[in-house]
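Notes follow the structure.
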Amino acid sequence: MRRHILTILMSFAAAVISGAIFIFALFDQFALVEVVASILTGLQVFFLSSAIGDLLDKKKEPSRARNSAVVLVTILLVTFYSVTRYLR
């Protein structure tokens, strides 16, 4: 149960970070980053709903592949935004 809560919190934080990067890219007028961030925000929300579904289905363990994807996608998006901002 505790692992599921941590997975949900991690997925929620990743969705918030992706959404925040979308807003920052919108203000900085980085069109490509906006598109990528909006798509990845939707993906992060899907991962969040999947984590909540696992908790409600009372699965024994959360998906490690999904957790890894959440972290990896968030890191890649933050890196992409940072590099784009630095190069401008």
Side-chain heavy-atom pair Leu32, Phe80 within 4.5 angstrom cut-off: yes
Separation of Phe24 CZ from Ile17 CD1 (nearest 0.5 Å): 10.5 Å
CZ on Phe47 to CG on Leu40, rounded to 0.5 Å: 9.5 Å
Donor-acceptor contact below 3.5 Å, side chain Arg88 vs main chain Asp28: yes
Hydrophobic cluster identity match, Val33 and Ile75, side-chain contacts under 4.5 Å: yes
Rounded distance [0.5 Å steps], OG1 in Thr41 versus CD1 in Ile21: 8.0 Å
Verdict with reasoning, Leu43 to Ile39, per side chain to side chain contact (heavy atoms under 4.5 Å, CB included): CA-CA 6 Å; Leu43 183 66; Ile39 291 169; 5.7 Å; no
Short N-O contact, Asp54 and Arg66, less than 4.0 angstrom: yes
same_hphob_cluster(Val45, Val35) at 4.5 Å side-chain heavy-atom cutoff: no
Any donor-acceptor N/O pair, His4 side chain to Lys59 backbone, under 3.5 Å: yes
Check: Gln44/Ser11 side-chain N/O donor and acceptor closer than 3.5 Å: no
Gap between atom CG of Leu72 and atom OG1 of Thr74 - 0.5 Å precision: 8.5 Å
Ser18 side-chain N/O to Ala14 backbone N/O, donor-acceptor pair under 3.5 Å: yes
Spacing of CG belonging to Asn67 relative to CD belonging to Glu61, to within rounding of 0.5 Å: 10.5 Å
Single-linkage hydrophobic cluster Phe22~Phe27, side-chain heavy atoms < 4.5 angstrom: yes
Cluster link Met10 to Val73, ILVMFWY, side chain under 4.5 Å: yes
Connected via hydrophobic side-chain network under 4.5 Å: Val36 and Val16: no
